2 protein chains.
Amino acid sequence: MEGTIVENQSEKISKGLEKIFTPAPLQVPGCPVRDVLDRIGDKWSILSVLHLGHSGKLRFNELLHRIDGISQRMLTVTLRGLERDGFVSRRIFAEVPPRVEYELTTLGMSLLDQVLGLAVWAQDNMGDIMAARAAHSTESGFRSHS
Amino acid sequence: MEGTIVENQSEKISKGLEKIFTPAPLQVPGCPVRDVLDRIGDKWSILSVLHLGHSGKLRFNELLHRIDGISQRMLTVTLRGLERDGFVSRRIFAEVPPRVEYELTTLGMSLLDQVLGLAVWAQDNMGDIMAARAAHSTESGFRSHS
DNA sequence: CGGAATCCCTCTGGATACTG
DNA sequence: CAGTATCCAGAGGGATTCCG
């Protein structure tokens with residue numbers, strides 16, 4: 001039975017595919033998948049969610065320093081987006097100096113679960129991807145001396 | 001024990017987080033997570049993978065008609081990218097008229113598994129997201145008659 | 001049929017400066 | 001500290017045209 005593992009995967013996968021493609025086959029207008037993907041597909045959302053998941057409650061500047069390369073502006077924009085969709089909560093403390101704490105909501109934790117799966121997968125399969133990329137370069141970069 | 005489910009999730013999640021944040025905390029240069037996310041985070045890659053997973057082997061024009069809204073150019077670009085990273089195989093038949101068939105590789109199927117998890121999650125949680133979005137609009141759109 | 005090449009416009013996001 | 005406002009470059013991606 002060399003097909004056992006594949007069979008199991010196929011079964012689980014086809015269930016999901018069936019669900020996703022029913023009733024409409026992923027039409028762009030109003031497609032949940034597209035909508036969520038556009039949201040978390042931007043440059044910083046997933047990173048923010050991962051960091052919040054990792055560190056828990058964080059202040060604006062803490063996030064700013066942990067997320068490598070992000071600008072002040074984009075952190076604001078990203079957090080507003082995540083807050084808007086209910087993934088992140090924002091608590092403002094009326095102090096001086098002001099303090100604002102961000103934290104994943106329950107929905108955000110749920111998203112983290114999925115995103116983390118993808119992240120771990122990415123880490124695990126990075127080798128294969130790089131290998132495929134290298135193989136592709138060699139075969140198209142230069143061919144065996146005519 | 002109202003914390004049981006959360007505890008279980010936390011355990012599984014913290015394992016993943018530990019893995020992702022070790023040893024470097026998601027630095028941008030050379031981060032696998034960022035790299036893969038940039039690849040599949042574009043407008044059409046995930047849709048293409050989902051359709052190939054759903055229909056199996058597909059020709060260029062079949063994909064073009066199934067993926068709602070995609071242009072010829074972007075389908076080409078997307079497929080080249082997926083092929084480059086080893087997610088999709090490309091078979092050319094020397095016929096007239098020419099025929100080219102695309103199919104998920106083993107690595108592509110593996111990616112499909114993750115992406116599908118996200119897609120199903122998106123569908124399941126679309127309600128909550130829309131609700132959060134609506135709530136956010138109401139509270140910032142207009143406040144109770146002053 | 002399955003692209004490649006070109007044009008062009010929009011939107012993302014970076015840098016900088018200012019505010020409560 | 002935690003933003004907002006403005007400006008602007010560059011990438012993403014659509015429409016169109018041409019090719020094997």
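Below, chains carry the letters A, B, ... as their sequence lines are ordered, and counting in each starts from 1. None of these values were measured; they are calculated from a predicted model.
Rounding to whole angstrom units, CD1 of residue B/I92 and P of C/dA4 are separated by 10 Å. When rounded to the nearest whole Å, the span between CG of B/L79 and P of C/dG2 equals 11 Å. Rounded to an integer number of Å, the gap from CD1 of A/I70 to P of C/dA15 is 12 Å. Note: CG (A/D38) to C1' (D/dG13) measures 13 Å, nearest angstrom. A/M74 places its CE atom 17 Å from the P atom of C/dT16, with the value rounded to the nearest Å.
Base engagement by B/Q72 is indicated by at least one non-hydrogen atom pair under 4.0 Å involving a base atom. Residue-level contact check: B/R73 touches the bases, meaning some heavy atom is under 4.0 Å from a base atom. Residue B/R59 is in sugar-phosphate contact alone, with no base atom involved, counting any heavy-atom pair closer than 4.0 Å across all strands shown.
Distances shown here put every side-chain N or O of A/K43 at or beyond 4.0 Å from the OP1 or OP2 atom of D/dA11. The side chain of A/Y102 contributes no N or O atom lying less than 4.0 Å from OP1 or OP2 of D/dC1. Contact annotation: B/R90 does not reach the phosphate of C/dG2 (side-chain N/O to OP1 or OP2, under 4.0 Å). Note on B/R80: a side-chain N or O is less than 4.0 Å away from OP1 or OP2 of C/dA4.
A distance-only check finds a donor-acceptor pair linking the side chain of B/S14 to the backbone of B/E11 [under 3.5 Å].
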